[in-house]
Number of protein chains: 2
Amino acid sequence: MSPRLQRAPGVTIGDIAAAARVSRSTVSRAFTRPQLLSPETVDHVRAVATRLGYVGNQAARALSTGRFGNIAVVVPDIANPFFPPLVRSLQSAAETADLAVFLGDSDESAEREAKLIARLAPQVEGFVLASSRLSEELIRELAATRPVVLVNRDLDGIPRVLIDSSGGMTEAVMLLKKLGHQRIAYLAGPRDSWSDQQRREVLTSAASGLAVEVIEVGRPSYAAGRDSVSAIVRSGATAAIAFDDVVSQGVLAGLELRGISVPSDFSLIGCDDTLAALTTPALTSVSAGAATAGTAAAKLLIQLLEDPTAECVTIATHLVIRATTAAVTDGAMR
Amino acid sequence: MSPRLQRAPGVTIGDIAAAARVSRSTVSRAFTRPQLLSPETVDHVRAVATRLGYVGNQAARALSTGRFGNIAVVVPDIANPFFPPLVRSLQSAAETADLAVFLGDSDESAEREAKLIARLAPQVEGFVLASSRLSEELIRELAATRPVVLVNRDLDGIPRVLIDSSGGMTEAVMLLKKLGHQRIAYLAGPRDSWSDQQRREVLTSAASGLAVEVIEVGRPSYAAGRDSVSAIVRSGATAAIAFDDVVSQGVLAGLELRGISVPSDFSLIGCDDTLAALTTPALTSVSAGAATAGTAAAKLLIQLLEDPTAECVTIATHLVIRATTAAVTDGAMR
DNA sequence: TTGAAAGCGCTAACAT
DNA sequence: ATGTTAGCGCTTTCAA
């Protein structure tokens, strides 16, 4: 049976007190500190509350306790397929702890992110900042005020969930090497993205014996990927790893446009495994477990709310091989 | 143990009043109704407030005014690519009106949706319910309480944004007919989805001279689409329209698996245009303008907050032709 | 084990 | 144009 929705005037503690013939403090205690009451009283009050469809007024509670029961998650672009699974699992975990979640979309802008945070700050217990574009200074300033959990941003001393690309990226490079590729391209993501920085590093260090051409695509998008193909061709690479699956799809389209077939003429690997399993051909991708990260971030924040001790959670990645990688056929792109 | 110590250290109106040597109401008015005050007073108070780093306490404001400055958007599944663009544009429009937005993900469950709503209700001005799974009764009960805007749910008298598939669906059928198809399949969505109901109706009425085979796939997913291919083959259809792009991708994969090429052997059309433009091959799809709907819903709700008059906004769809449709080659599937 | 009463920070009559 | 006062719904001393 579905819970009843709150009625227009709102059922207050006073209403319950009257109906249950107890004082308002007793009603309050029945919910917040039931151990102080006799079990019968607790049961009775709760039964009445349920019957009346009582839902605590968070604003009033917050005013009294300073706790809001809300958290906020801020992302650069909820339409980027990396974030929805993260937000989804985040909200699910928050719900379990009876926390409501605000969503902020900064549109990849540090300025909008700051505004969003300022707007939300007065009514949330804490923040989850995913792929934050904010300056380190601003983040530290915020973190000094209230619990903050970072996702894919590595700031020492601030609780964070890091999706460690190194495993998957290394596997990707190894695979490409094994398949006979000698020159590969990396379609790089935004400069201020921690994930991108990490991927660049891993790539160059794992690529011994392999030439890596870094191609900047700016804001990662399908169009950016598609348009980067001329640069890829120019580089002479026979395989590419893209910053994410969206870019990867764009590259795929751009290659097909030029008559370059994947995987027979060219091998392609994406990252994050967001679109990869949902497309035809299915994309080889570095799986990032965004959903896992969302849950981890929520749990970390919830824990932080009680015990403000910094922590860092790392989530491993691995390569998921699908239809877009193959051995070089004649050693070079046609 | 004093929970009050956890309250965020904040500068209050009282502090400003003392520092500025005016009453608290003057301080309040300097922010909410400055036209009632002398310009000098306003400037002075605001200067002091800024110097002290004053940030209004939303909870207190809400408790006093009954206005929260928050709205909530509830979706069945934020990971479904239809919703992120909607939520994104919704939040953007809300931001313009200085409204913060809560996100609820009901996981396709009416019960969880009701819980979410009950939890959020005491701190939001209004709701946007996208593809709500709630019973009509519960929705009406909620709508009696506070402004509610429905997306893709058609309840008379309740403000709603309807993405009208009929235009796009008709175009799709016409195209298929023109291309020489005589028997097409419709991969149907969830029974309780308004969009699906509308699509079925349009399909059967627009398909004169065309045999339409309706194939139920249950909860729309990639796997469901892929697994429905045997039924498609059995039906003898040479083209298919899928309930959404995710199903469409699944069908595409299933067809390729059986050696049936799209579009040379089979024509495929998706709906919603979510994944369609981001994949290779790009998918022909009935564009649904989810982002437009999000903006429309936000605007409708904002308008409703001032003038509670019901309204219904309809958003037209059209067919976007991409690489997955073509004329029948030999009149039947190989 | 329960009740009475004092605020939390703010806004909005009602005064002046 | 500005001050005074009374709450909003809840939690939490302090009493009983």
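Throughout, protein chains are lettered first and strands after them, A, B, ... in sequence-line order, and every chain is numbered starting at 1. What's counted below: heavy atoms across the whole structure, side chains too, no hydrogens, waters or symmetry copies.
Under a 4.0 Å N-O distance rule, the pair A/R112/B/E95 qualifies as a salt bridge. Using a 4.0 Å cut-off between a side-chain N of Lys or Arg and a carboxylate O of Asp or Glu, A/D107 and A/R219 qualify as a salt bridge.
Residue B/T12 is in sugar-phosphate contact alone, with no base atom involved, counting any heavy-atom pair closer than 4.0 Å across all strands shown. Residue-level contact check: A/S28 touches the bases, meaning some heavy atom is under 4.0 Å from a base atom. Backbone-only engagement by B/Y54 is indicated by non-hydrogen atom pairs under 4.0 Å involving sugar-phosphate atoms exclusively.
We find that CZ of A/F68 is positioned 11 Å from C1' of C/dG9, with the value rounded to whole Å. Distance B/F31 CZ to C/dT11 C1': 14 Å, rounded to the nearest Å. When the P atom of D/dG9 is taken as reference, atom CZ of B/R61 falls 18 Å away, rounded to whole Å. The separation between A/R24 atom CZ and D/dT11 atom C1' is 10 Å, rounded to whole Å. Between the CG atom of A/N57 and the C1' atom of D/dT11 there is a distance of 13 Å, rounded to whole Å. A/D15 places its CG atom 9 Å from the P atom of D/dC10, with the value rounded to the nearest Å. Between the P atom of D/dG3 and the CD1 atom of B/I13 lies a distance of 13 Å, rounded to the nearest Å. In this entry the distance linking CG of B/L63 with P of C/dG7 reads 17 Å, nearest Å.
Proximity note for B/R29 (side chain, C-beta onward) versus C/dG3, C/dC14, C/dG9: the nearest is C/dC14. For A/A60, the listed nucleotide lying nearest its side chain is D/dG9; candidates were C/dC10, D/dG9, D/dT12.
Considering only side-chain N and O atoms, A/S64 lies nowhere under 4.0 angstrom from the phosphate OP1 or OP2 of D/dT11. The phosphate of C/dA4 has neither OP1 nor OP2 within less than 4.0 Å of any side-chain N or O from A/S25. The phosphate of C/dT2 has OP1 or OP2 within less than 4.0 Å of a side-chain N or O from A/S38. At the phosphate of C/dT2, neither OP1 nor OP2 sits under 4.0 Å from any side-chain N or O atom of A/T26.
Checked against a 6.0 Å centroid threshold, the rings of A/F127 and A/F102 do not count as neighbours.
Checking A/Q58 against B/S23, the closest nucleotide of DNA chain D that is more toward the 5' end is the one next to B/S23.
In this structure, a donor-acceptor pair under 3.5 Å is absent between the side chains of B/S131 and B/N152.
At distances below 3.5 Å, at least one donor-acceptor pair connects side-chain atoms of B/R153 with backbone N or O atoms of B/L134.
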